[in-house]
2 protein chains.
Amino acid sequence: MTTPAEPFALPMADQPRVRSDAARNRDALLCTAARMVAEEGAQAVTMDRLAAEAGVGKGTIFRRFGNRCGVMTAVLDESEAHFQTSVMSGPPPLGPGAPAYERLRAFGVARLAATLQRIDLIEAAGGGRSHAAYTFGVLHVRHLLVELGVEGDLPLLAAALLAPLEVPLLRAQIEVQHLPVARLEAAWCDLADRVVGARDQARG
Amino acid sequence: MTTPAEPFALPMADQPRVRSDAARNRDALLCTAARMVAEEGAQAVTMDRLAAEAGVGKGTIFRRFGNRCGVMTAVLDESEAHFQTSVMSGPPPLGPGAPAYERLRAFGVARLAATLQRIDLIEAAGGGRSHAAYTFGVLHVRHLLVELGVEGDLPLLAAALLAPLEVPLLRAQIEVQHLPVARLEAAWCDLADRVVGARDQARG
């Protein structure tokens with residue numbers, strides 16, 4: 001009454017446990033790194049301190065993430081995943097359920113806040129948003145532009161709307177020009193108005 | 001009949017000759033570096049090759065420019081100065097004499113072309129446009145928006161118009177997405193239309 005041997009089943013049965021141990025270690029490391037970033041800023045996360053606070057050997061961190069930049073990229077990816085979840089299934093107006101134009105404005109304001117909050121982390125992770133995170137933003141804005149009936153080269157309009165929310169410009173506006181965040185939010189919403197054509201509708 | 005001694009005049013009289021020797025050396029080095037960039041690309045300019053081609057010692061280059069990044073920054077500044085001259089006093093529509101809206105479109109297209117042409121140089125110079133170059137672009141676009149009677153937060157609208165012309169986005173669009181330059185030009189002009197309100201004027 002024994003089932004026939006299935007050579008494929010053996011690694012399948014074993015892998016989940018191995019994977020879940022690895023995933024648990026990884027989660028613990030990321031969680032510790034994210035807490036350090038939140039409490040003390042990205043510059044506080046050195047490989048030595050992370051190893052000490054997470055209670056693992058430095059070799060483990062290097063094996064898993066390559067280097068400090070790899071750790072920061074993983075923390076950033078995690079944080080980006082939370083942001084995307086709130087856009088895809090969080091409460092309106094950022095999440096679904098609000099009119100497309102309100103969602104567009106909410107997205108710009110939320111993206112601005114998220115980038116400003118993580119500006120040091122983004123730079124510690126190599127200076128650029130990940131390709132996947134960037135693509136998500138373009139696809140979401142493009143989707144909203146379609147819903148709004150905007151005509152034109154929508155992928156490039158979406159990229160143009162996201163361009164003023166990138167780190168180097170924001171850093172110059174906040175740290176060099178000392179512009180208040182509320183002014184950046186208002187300017188972005190005005191830009192979105194102009195791209196969508198909401199200004200003519202209001203005038204007409 | 002001798003004029004009274006003027007202690008301030010002595011350094012004034014001497015400095016020009018010293019300066020002009022230094023300036024000549026500097027010009028020769030920059031000219032050689034710019035030729036190498038134009039002919040073989042930024043990666044061809046090593047300190048060894050630059051010293052050999054310009055016929056000067058490597059020490060001279062290090063003293064004058066600090067390091068390779070300093071050389072590249074100086075070449076880029078020189079090239080940016082030519083661009084600014086063509087905007088300020090070159091032929092229309094980029095230079096003065098054309099209607100403001102034609103000048104705005106010409107500026108976007110010319111800035112795009114200039115950035116694409118110098119993309120490796122910009123990265124070799126440290127990855128960012130100089131603060132002065134960026135400020136020039138913002139001031140010029142803002143000036144044209146004023147001429148066009150655009151109302152709003154003009155410095156931030158100008159910054160938003162320039163944002164899609166920065167290196168990281170252009171590099172992704174050209175090298176990863178393989179978008180044709182003509183499509184980027186058309187999309188930028190469409191963005192400018194929307195910001196200026198030219199689209200409503202055309203419709204109304």
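A, B, ... follow the sequence lines: proteins, then strands. Residue 1 opens every chain. The model shown is predicted, which means the values in this text are computed figures rather than measured ones.
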May I ask you to check whether over 12 heavy atoms, not counting those of B/Arg26, lie within 6.0 Å of atom CZ?
no
Heavy atoms from other residues, nucleotides or ligands near CE of B/Met47 exceed 12 (cutoff 6.0 Å)
yes
Could you list the residues that satisfy side-chain contact (heavy atoms from CB on, under 4.5 Å) with B/Cys31, not counting sequence neighbours?
none
Is it the backbone or the side chain of B/Leu162 that comes under 4.5 Å from a heavy atom of chain A, or both, or neither?
neither
Any side-chain heavy atom of B/Leu156 sitting closer than 4.5 Å to one from A/Asp190?
no
Give the minimum heavy-atom separation between A/Gly152 and B/Arg194, together with the two atoms involved.
CA-NH2, 4.2 Å
Within a radius of less than 6.0 Å around CZ of A/Arg49, do more than 12 heavy atoms belonging to other residues, nucleotides or ligands occur?
yes
If you count the non-hydrogen atoms of other residues, nucleotides and ligands that lie under 6.0 Å from CZ in B/Arg142, is the total more than 12?
no
For chain A, which of B/Ala160, B/Pro155, B/Ala187 has the most heavy-atom pairs under 4.5 Å?
B/Ala160
For B/Val138, which atoms come within 4.5 Å of any heavy atom of chain A: side chain, backbone, both, or neither?
neither
List the atom of B/Leu169, the atom of A/Ala159, and the distance in Å for their closest heavy-atom pair.
CD2-O, 4.2 Å
Criterion side chain to side chain contact (heavy atoms under 4.5 Å, CB included) against A/Leu191, the qualifying member of B/Leu161, B/Asp153, B/Val195
B/Val195
ring-ring contact (aromatic ring centres under 6.0 Å, His included) pairs, two or more places apart, involving residues 66-89 of chain B:
B/Phe83-B/Phe107
